[in-house]
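The structure appears below as structure tokens.
Reckoned from all heavy atoms, side chains included, excluding hydrogens, waters and symmetry mates. Predicted model, so just to flag it, every value in this text is computed and none were measured. A, B, ... follow the sequence lines: proteins, then strands. Residue 1 opens every chain.
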Number of protein chains: 2
Amino acid sequence: MSINPAPRAYQVVLDSIESDLRSGKLALGDQLPGERALAEQHQISRASVRDAIRILDVLGLVKTSTGSGPNSGAVIISNPAAGISQALRMHLAAKGINVREIVESRILLETWAAQMPPRNPLHAQQVIDRTAVLIMRMDDAQLSREEFHRIDAEFHVLLASMAGNTVVESMMESLRHSISHYVAESIPNDESWQPVVRVLRRQHKAIHHAFATNQRERAAQLIEEHITWFYSQTR
Amino acid sequence: MSINPAPRAYQVVLDSIESDLRSGKLALGDQLPGERALAEQHQISRASVRDAIRILDVLGLVKTSTGSGPNSGAVIISNPAAGISQALRMHLAAKGINVREIVESRILLETWAAQMPPRNPLHAQQVIDRTAVLIMRMDDAQLSREEFHRIDAEFHVLLASMAGNTVVESMMESLRHSISHYVAESIPNDESWQPVVRVLRRQHKAIHHAFATNQRERAAQLIEEHITWFYSQTR
DNA sequence: ACGCATAGTATGGTCAGACCACACTTCGAA
DNA sequence: TTCGAAGTGTGGTCTGACCATACTATGCGT
């Protein structure tokens, strides 16, 4: 029985950075000190510092690039979808999560966001306009399935952003990307895909119309049906 | 303009493992080959293999331990909450999150989880038992406020876990830190805290009673009132 | 034949030092 | 003034070493 649960060397760097983020000492767009500098600051090896940076990278919190100058090194970004959706995807593969949980969560978040009165009416109007553009782009018959899914994801994330809640927005971004592999597998050929995509287009337009005419309850209901229907097709 | 978006060495290991998980060649509880073996298999250095293992570790997909034998090395587990909640927590730290968003998210997640029929009755019963213990501990008049907030947050996270949705659970878990922090900050001195804590204790007990007697709708309602009431006290 | 201390072996964790490709910076030559 | 070459600092990778740990095999003493 070991009392010491193995304190990892990289943890001190992680803690230090998280603390700096909370206190505002570090903000989006800032550049982290170099790996060699951080190693000396915390009196650990560069390898351990790299562990920490690598973790932040995978979590979508920093973007690293080689070279010198203001855009080099590790720069603070915030791309929650990167880390969280990778985590979800992996756990899906390992059978630690099932699709039901993800669908449930999507319905929860999206219907909530739909029902909420928009926090910023101007932003809401922009969302309605931009989603209209996305709907038109999804009408393009030449669109590859991959591209369709990308725009589809953007459509849903945009709608969810109307409520103006960071937590919900971040999770939405991640959820929508985590299951693309699963979706691609479950509807294998283009013959079965064609009728599906027609229904999806119709549903998207109905949802958009509900938002545009400010029928938020109805929008929520349509979204739930939309998500539920689509996943009923994936078997 | 570089066409090559920097192919990382560790990615091949990650892909290989994800693929083995999907095909079932790797399953929960299995042991990964040693780092030195993986390095040779993929013709990369042990350092790069370690990057991959470290990522799986952070994502909650493997547990690593030193020594030899069947329980040593990297073993496949699936602890989605670990990875997701850490990622989300860091992003919330980076973006800055305000109290309204925390409160909103809490109400959304907690009332939903309360209303859902528990997926695993055994686990639900354990939660009811464990929250009872937490309630007793929060009755201790000697308890420091800091400790009270910690247990309070744990109480709510536990309740949210009853629905058996890992994603929702992870979201709550990632809010834990923010919750106890904002709760602690909002009421400065002990004089104003004493009457508040009495109400909180009463509310906790009522919530627990509703769960114990399987009045889930009522529990959800009480939780919403509980959170809203406290929020109203913070001004 | 058994029990138990010991040496052996394989594991991940950490470190040091080196080299590379890259991107920007600086400075000198045309 | 312009432009190319050298310089500098960055992360990415590799090698090889040493450590603490935990299991495994050995062999001694009974």
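The side chain of B:Ser68 contributes no N or O atom lying less than 4.0 Å from OP1 or OP2 of D:dC23. At the phosphate of D:dG11, neither OP1 nor OP2 sits under 4.0 Å from any side-chain N or O atom of A:Arg50. Contact check, B:Ser72 against C:dG12: no side-chain N or O comes under 4.0 Å of OP1 or OP2.
Distance A:Ile44 CD1 to C:dC15 C1': 11 Å, rounded to the nearest Å. The distance from atom CG of A:Asp51 to atom P of D:dG11 is 15 Å, rounded to the nearest whole Å. Going from atom CG of A:Asp57 over to atom P of D:dT10 covers 18 Å, rounded to whole Å. Per the geometry, CG belonging to A:Asn71 stands 10 Å off P belonging to C:dT25, to the nearest Å. What separates CD of A:Glu40 from P of D:dT10 is a distance of 12 Å, to the nearest Å. Atom pair B:Glu35:CD and D:dC18:P shows a separation of 18 Å (rounding to whole Å applied). Protein atom CD of B:Gln31 is 12 Å distant from nucleotide atom C1' of C:dG12, rounded to whole Å.
Mapping A:Thr64 and A:Gly67 onto DNA chain D by nearest heavy atom places A:Gly67 at the nucleotide closer to the 5' end. With the nearest nucleotide of DNA chain C identified for both A:Ala9 and A:Pro70, A:Ala9 has the one nearer the 5' end. Closest-nucleotide positions on DNA chain C for A:Arg46 and B:Pro33 were compared, and the one nearer the 5' end corresponds to B:Pro33.
Residue A:Thr66 places its side chain closer to C:dC22 than to any other of C:dG12, C:dC24, C:dC22. Ranking D:dT21, C:dT9, C:dT14 by closeness to the A:Ser48 side chain, first place goes to C:dT14. Listed candidates were C:dG13, C:dA16, D:dC14. Nearest to the side chain of B:Ser45 is D:dC14.
For A:Arg36 against D:dG11, a side-chain N or O and a base N or O form a donor-acceptor pair under 3.5 Å. For C:dG12, the base has no donor-acceptor partner in the side chain of A:Arg8 [N/O atoms by modelled type, under 3.5 angstrom]. A donor-acceptor contact under 3.5 Å is not formed by the side chain of A:Arg54 with the base of D:dG11.
Ion pairing between A:Asp57 and A:Arg54 holds under the 4.0 Å rule for side-chain N and carboxylate O. Under the 4.0 Å criterion applied to side-chain N and carboxylate O atoms, A:Asp152 and A:Arg176 are assigned as salt-bridge partners.
In this view, A:Phe155 and A:His204 satisfy the ring pair (Phe, Tyr, Trp, His ring centres under 6.0 Å) rule, not counting sequence neighbours.
Residue contacts shown for B:Gly69 are limited to sugar-phosphate atoms, with no base heavy atom under 4.0 Å away.
Shown here for B:Ala160 and B:Ala113, the closest heavy-atom pair between the two residues is O-CB, 3.5 Å.
Dense packing is recorded around CZ of B:Arg100, with more than 12 heavy atoms of other residues, nucleotides or ligands lying under 6.0 Å away.
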